[in-house]
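Input: a single structure, listed below in structure tokens.
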Amino acid sequence: MLLPSSETPSSGAPEEDRSRLPLSVLIEQLAAAPGKDRISVARLIEWFEGRATLALLLVFGILNILPNPPGSSVVLGLPMLYLAAALMLGRPPRFPAVITRRGLSQSMFQTIARHSLPMLRRVERILHPRLDALASPLALRISGALCVLLSLILILPIPLGNIPPAACMCLLALAAVARDGLWTLIGWVASILCVTLMAGVTIASIHLIAQFALRLIS
């Protein structure tokens, strides 16, 4: 859940070049950073630099996969919808100030890191640049368009319906960061299957609810 934060972007960010570090390393470093009660969205954007859109998609995707209170996917899915639209349009994430001042508690971010880092490291070991045509700016926009659809599904109040689309978005984000066209293609296929499956579940659920309502009033 996004929480208010008094943190402002730090001008004294570490001077090391973070642009080539794996996202798992950046997440681990940020989770271990001392003296922060809240990690604001502004801080996340600053920390992940040029990969902020993809990194935030990954972070919020992981957060959606973890156990959350019922209905929280609506709140957590809205930032992902915005990020997916920014990715589709090829724009950097520019949240309103009211959003950038909010963020995650340090303990929540540490929970994300603790649960996700072992899997992230394993996935990153098999990702590497290949099939350049599927790692192009156009391919990135296609991934963004699929993430928009996945975000819309994630926002719907479907029991456990947040996990498959969030997992697909995490895969697309990691593949894009690694410029791995093969895994981008796998992510596209998985995303299309997810959209098709969840659309079918939604339609079937609406049909059952309509039938139940008709029986009640008949």
Side-chain angles (χ1 to χ4, degrees), residues 19-28 44-45 48-66 68 73-74 76-93 112-113 115-156 158 160-202:
S19 63
R20 297 185 180 277
L21 291 177
L23 291 185
S24 61
V25 173
L26 293 179
I27 290 172
E28 183 177 30
L44 290 170
I45 293 172
F48 292 111
E49 300 177 329
R51 297 176 290 176
T53 302
L54 295 169
L56 287 174
L57 268 176
L58 176 64
V59 169
F60 281 106
I62 294 169
L63 191 54
N64 273 281
I65 293 172
L66 296 177
N68 287 296
S73 62
V74 177
L76 297 174
L78 289 174
M80 298 193 74
L81 178 59
Y82 176 86
L83 290 163
L87 186 63
M88 181 179 66
L89 297 173
R91 297 176 181 173
I112 293 173
H115 286 279
S116 66
L117 285 177
M119 178 61 72
L120 282 180
R121 293 189 185 106
R122 286 196 291 270
V123 172
E124 286 173 339
R125 281 198 290 268
I126 65 174
L127 296 174
H128 57 85
R130 53 187 154 184
L131 299 180
D132 289 344
L134 295 177
S136 64
L138 176 59
L140 199 57
R141 293 192 176 204
I142 293 172
S143 293
L146 286 171
C147 285
V148 168
L149 293 176
L150 292 166
S151 299
L152 291 171
I153 292 174
L154 190 149
I155 292 170
L156 295 175
I158 303 172
L160 301 178
N162 56 315
I163 296 177
C168 288
M169 282 187 276
C170 288
L171 175 58
L172 288 172
L174 286 169
V177 167
R179 298 188 59 80
D180 193 325
L182 174 61
W183 279 95
T184 294
L185 181 59
I186 293 172
W188 288 355
V189 173
S191 298
I192 292 170
L193 290 175
C194 177
V195 169
T196 303
L197 175 63
M198 299 308 295
V201 170
T202 302

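Treat the numbers as computed from the prediction; the structure is a model and nothing was measured.
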In residues 181-191, what donor-acceptor pairs under 3.5 Å come from side-chain atoms, sequence neighbours left out?
residue : atom : partner : partner atom : Å
T184    : OG1  : D180    : O            : 2.9
W188    : NE1  : S143    : OG           : 2.9
S191    : OG   : G187    : O            : 2.7

Please report, to 0.1 Å, the donor-acceptor pairs under 3.5 Å made by any side chain of residues 165-172, with sequence neighbours excluded.
none

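Atom CG of residue L57 and atom OG1 of residue T53 lie 7.0 Å apart, to the nearest 0.5 angstrom. With rounding to the nearest 0.5 Å, the separation of CG in L83 from OG in S151 is 8.0 Å. Here CD1 of I163 is found 10.0 Å from CG of L154. Values are rounded to the nearest 0.5 Å. Distance CE/M80 to CG/L63: 9.0 Å, rounded to 0.5 Å.
The two residues A84 and V148 come nearest to each other via the heavy atoms CB-N, 3.5 Å. Of all non-hydrogen atoms in L127 and L174, the two that sit nearest each other are CD1-O, 3.7 Å. Across A139 and A135, no two heavy atoms sit closer than the pair CB-N, 4.1 Å. For I155 against L81, the heavy-atom pair with the smallest separation is CD1-CD2, 4.1 Å.
Every residue meeting the side-chain contact (heavy atoms from CB on, under 4.5 Å) condition with L26, not counting sequence neighbours, appears here in chain and number order: R18, L21, L23, Q29, W47, F48, R51. In terms of the side-chain hydrogen bond (donor to acceptor under 3.5 Å, both in side chains) criterion, H115 has no residue partners (sequence neighbours excluded). With sequence neighbours left out, the side-chain contact (heavy atoms from CB on, under 4.5 Å) criterion links R121 to S24, E28, L117, R125.
Here side-chain hydrogen bond (donor to acceptor under 3.5 Å, both in side chains) pairs that include residues 80-91, with residues two or more places apart or in two chains, number zero.
Using modelled atom types, one side-chain atom of R141 and one backbone atom of L89 make a donor-acceptor pair closer than 3.5 Å.
Put simply, the side chain of L56 does not reach to within 4.5 Å of the side chain of P79, judged on heavy atoms.
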Note to self: Assess the residue pair L58 and V177 against the criterion (side chain to side chain contact (heavy atoms under 4.5 Å, CB included)); give the C-alpha distance rounded to whole Å, side-chain angles, the decisive distance to 0.1 Å, and a yes or no.
What the structure shows: CA-CA 10 Å; L58 176 64; V177 167; over 6 Å; no

